[in-house]
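Worth knowing before you read on, the calculation uses all heavy atoms, side chains too, and leaves out hydrogens, waters and symmetry mates.
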Amino acid sequence: MIKVKVIEKDNQITNINIIGHAGYSVSGKDIVCAAVSSIVITTINALLKLDKDSVSYKNSLEITIHKHNEVIDVLISNMLDMLKELEKDYKKYIKVEI
């Protein structure tokens, strides 16, 4: 199971950690893992294009948010909404903890 853990401080998201493997299918054919990777990598790339200092990450799995503004917060919120939508359809394979 993939676990997405959101860490907040002073009502702002500071970190998002993603651990585990969905186990929906074998590695390389797992559509849940592929969806999570696509959602997260697309969001990180968009944030870095807007402001190269807005986030940092390790292997796309440990995300640290360094700056907040309306656009950054909307992109992060959108990413989490997409992961929650995925969770609705694949409850056995992904858990989003906010």
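- Side-chain contact between V4 and E87 is absent, with no heavy atoms from C-beta onward closer than 4.5 Å.
- Note on V55 and I7: separate hydrophobic clusters, where clusters join Ile, Leu, Val, Met, Phe, Trp and Tyr whose side-chain heavy atoms are under 4.5 Å apart, directly or indirectly.
- Follow the hydrophobic side-chain contacts under 4.5 Å out from L75 and you reach I72 in the same cluster.
- Side-chain heavy atoms closer than 4.5 Å link hydrophobic residues (I, L, V, M, F, W, Y) into clusters, and following such links, possibly through other members, connects V40 to L61.
- Within the 4.5 Å cutoff, no side-chain heavy atoms of S77 are placed close to those of D73.
- A 4.5 Å side-chain heavy-atom check between M82 and N78 finds at least one atom pair inside the cut-off.
- Cluster annotation: L48 is connected to L80 through the hydrophobic network of ILVMFWY side chains, with a link wherever side-chain heavy atoms come within less than 4.5 Å.
- The environment of CD in E70 is sparse: at most 12 heavy-atom neighbours from other residues, nucleotides or ligands sit within 6.0 Å.
- Residues I18 and K5 are not in side-chain contact: their nearest non-hydrogen atoms beyond the backbone lie 4.5 Å or more apart.
- Between I65 and I76, the closest side-chain pair of non-hydrogen atoms falls below 4.5 Å.
- When side chains are defined from C-beta on, K67 counts as touching D53, because their heavy atoms get closer than 4.5 Å.
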(Q) side-chain contact (heavy atoms from CB on, under 4.5 Å) for L83 and I94? Distances and angles first, verdict last. (A) CA-CA 8 Å; L83 292 170; I94 179 170; 4.3 Å; yes
**Q.** Check against side-chain hydrogen bond (donor to acceptor under 3.5 Å, both in side chains), S54 and H66
**A.** CA-CA 5 Å; S54 63; H66 300 290; over 6 Å; no
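- Of the possible polar contacts, none joining the H68 side chain to the T14 backbone as a donor-acceptor pair under 3.5 Å is found.
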(Q) What verdict does the side-chain hydrogen bond (donor to acceptor under 3.5 Å, both in side chains) test give for S25 and D30, after you've listed the backbone C-alpha separation in whole Å, the side-chain angles of each residue and the deciding distance to 0.1 Å? (A) CA-CA 5 Å; S25 186; D30 193 315; over 6 Å; no
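- Under the 4.5 Å side-chain heavy-atom criterion for ILVMFWY residues, no single connected hydrophobic cluster contains both L50 and I41.
- For the pair E62 (side chain) and Y57 (backbone), a donor-acceptor distance under 3.5 Å is absent.
- By the 4.5 Å heavy-atom criterion applied to side chains, H21 and I2 are not counted as neighbours.
- Under 4.0 Å is where a charged nitrogen must lie from a carboxylate oxygen, and between K88 and E85 at least one such pair does.
- N17 places none of its side-chain heavy atoms less than 4.5 Å from the side chain of I63.
- With D10 contributing its side chain and Q12 its backbone, the two residues share no donor-acceptor pair below 3.5 Å.
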